[in-house]
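Down below is the structure, laid out as structure tokens.
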Amino acid sequence: MTRIGSAELATFLAIARHRSFRSAAVELGVSASALSHALRNIEERLDLRLVNRTTRSVALTEAGERLFARVSPAFQDIDDALEDLNTFRGKPAGTLRFNAARQSAQLVLLPIVTRFQKAYPEISVEIAVNDGLVDMVSAGFDAGIRFGETIAADMIAVPIGPRQRSAVVASPAFFKKHKAPQTPHELKNLPCIRFRFWGGALYRWEFERGGIALEIDVSGPLTLNDQDLMVDAALDGAGLAYVFEKQVEELIAKRKLVRVLADWCPAYPGFFMYYPSRRQLPAALRAFVDFVKAAK
């Protein structure tokens, strides 16, 4: 069998991580057609199909999955070794890739990143917004931002940003037609804007007061999977929305939205940054972790 070089393996790994020739081509700085030709050359030399591709999808074959599982950790070790060299520089350098849900990126991650880059101008940052859970390691991310309950047990988690509160809001016009609820149980009789996770489950609205915790399975004619759209729908009078307080505090102050059940929405631990346990963190990630801890 003809020997496959490290550059060719890196080409395959980029395609395997992204499951997209176009995205992998952007990462590698080549055209998608050149990438497709390079993969075809690798497959011919191995006499094995590594990737099944159609006009709509890219998927690894069983052989491709096995090669990806074996080679990916080795390339990660190489990347870590190169990152270790940052300790010899005056300041850490390199690139940090974060995966974050939209609201965590908007409310917490981006404001911290912009301050961080002023302190570490040699570190580039990429933020990929994805509300679904992803395999962070195989996708090539350094860290992710999520709520604590969604983080895998084998990850190291660090609190990032302030504590959060939820807010139940609707437009003034909505309350001209409907009585404002005094308890969470009264939401069952009102049109609510429901939220569906990317995994398919509907979110049950969570409340707590005086040590009593409730989860309410609300109903309503509109279901969305984006909280910014929920705010827009609430402004249009579509129903009550359960969103982050920070998203709507200015709209509440301007009386474009009316808040209810505030005493049932206490502050709770907010978002966490999580990353795989490693013997030696890349210097850029270590700098960011220390920056986040110092900002608390």
Side-chain angles (χ1 to χ4, degrees), residues 17-19 23 72 76 95-117 123-168 193-208 213 215 223-231 241-249 265-278 281-282 284-296:
R17 281 197 307 271
H18 290 283
R19 300 298 201 270
S23 298
S72 186
Q76 185 62 62
T95 299
L96 283 176
R97 298 187 71 237
F98 292 100
N99 179 274
R102 180 177 300 278
Q103 263 61 53
S104 63
Q106 185 180 60
L107 299 177
V108 172
L109 181 58
L110 187 58
I112 292 177
V113 163
T114 54
R115 298 198 304 272
F116 173 75
Q117 289 191 300
I123 298 178
S124 299
V125 177
E126 177 183 346
I127 299 174
V129 173
N130 188 328
D131 288 323
L133 296 177
V134 301
D135 184 339
M136 190 179 68
V137 176
S138 65
F141 293 104
D142 295 289
I145 312 295
R146 290 287 188 279
F147 274 118
E149 61 265 25
T150 64
I151 297 174
D154 60 346
M155 294 285 174
I156 295 176
V158 176
I160 182 170
R163 290 168 64 83
Q164 299 290 328
R165 285 188 74 193
S166 297
V168 180
I193 303 165
R194 300 190 297 175
F195 178 81
R196 188 182 296 279
F197 292 106
W198 283 80
L202 285 166
Y203 177 65
R204 294 166 62 91
W205 294 12
E206 297 175 273
F207 299 95
E208 183 180 346
E215 289 188 2
T223 301
L224 301 168
N225 69 349
D226 183 278
Q227 289 209 346
D228 289 336
L229 287 178
M230 294 175 70
V231 173
Y242 184 101
V243 295
F244 288 107
E245 180 183 64
K246 286 290 184 183
Q247 287 179 271
V248 293
E249 57 185 3
C265 296
Y268 50 83
F271 298 100
F272 287 80
M273 176 176 64
Y274 63 100
Y275 51 90
S277 175
R278 294 178 182 169
L281 277 185
L285 181 57
R286 168 54 62 192
F288 189 81
V289 171
D290 292 342
F291 187 87
V292 167
K293 290 180 177 179
K296 287 168 43 177

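What you are looking at is a predicted structure, and each value in this text was computed from that prediction instead of being measured. Index from 1, following the sequence.
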query = Quick one: does Arg163's side chain have a donor or acceptor within less than 3.5 Å of a partner on Ala267's backbone?
reply = yes

key: Straight-line distance of Leu109 CG to Ile145 CD1, nearest 0.5 Å   = 5.0 Å

inquiry  = Restricting to non-hydrogen atoms, name the atom on Phe244 and the atom on Gln227 that form the minimum distance, rounded to 0.1 Å.
reply    = CD1-OE1, 3.2 Å

request  = Find out whether Arg146 and Asn99 are in side-chain contact, i.e. whether some heavy atom of one side chain is under 4.5 Å from a heavy atom of the other.
outcome  = yes

task = Assign the ring pair Phe98 / Phe288 to parallel, tilted or perpendicular, where the plane angle (0 to 90°) is split at 30° and 60°.
result = tilted

note = Here the pair of heavy atoms bringing Phe271 nearest to Val108 is CD1-CG2, 3.4 Å

ask   = Hey, does the side chain of Asp142 reach the backbone of Arg97 with a donor-acceptor pair shorter than 3.5 angstrom?
value = yes

Main-chain N/O of Ile123 paired to Gln117 side chain as donor or acceptor, under 3.5 Å = yes

request  = Please round to the nearest 0.5 Å and tell me the distance separating atom CE of Met273 and atom NZ of Lys293.
outcome  = 8.0 Å

Euclidean distance, Phe272 CZ relative to Ile160 CD1, rounded to 0.5 Å = 11.0 Å

request  = Could you tell me how the ring of Phe197 sits relative to the ring of Tyr203: parallel (under 30°), tilted (30 to 60°) or perpendicular (over 60°)?
outcome  = perpendicular

message = Can you tell me how far apart OG1 (Thr223) and CG (Leu202) are? Round to the nearest 0.5 Å.
response = 6.0 Å

ask   = For the atom pair CG (Asn130) and CZ (Arg102), what is the distance rounded to the nearest 0.5 Å?
value = 10.0 Å

message = On a heavy-atom basis, which atom in Pro111 and which in Gln106 lie closest, and how many Å separate them?
response = CD-O, 3.8 Å

ask   = Taking C-beta and beyond as the side chain, do Glu206 and Tyr242 meet within less than 4.5 Å on heavy atoms?
value = yes

ask   = Are any of the side-chain heavy atoms of Asp228 and Gln103 separated by less than 4.5 Å?
value = yes

query = How long is the span from the OH atom in Tyr268 to the OG atom in Ser166, to the nearest 0.5 Å?
reply = 3.0 Å

query = What closest approach, in Å, do Ala100 and Ser104 show between heavy atoms, and which atom pair accounts for it?
reply = CB-OG, 3.6 Å

inquiry  = Would you say that Arg165 contacts Pro266 through its side chain, given a criterion of any heavy-atom pair below 4.5 Å between the two side chains?
reply    = no

task = Can you see which heavy atom on Ala284 is nearest to which on Leu96, and at what distance?
result = O-CD1, 3.6 Å

request  = Taking all non-hydrogen atoms of both residues into account, name the closest pair between Ala241 and Met230 and its distance.
outcome  = CB-O, 3.9 Å

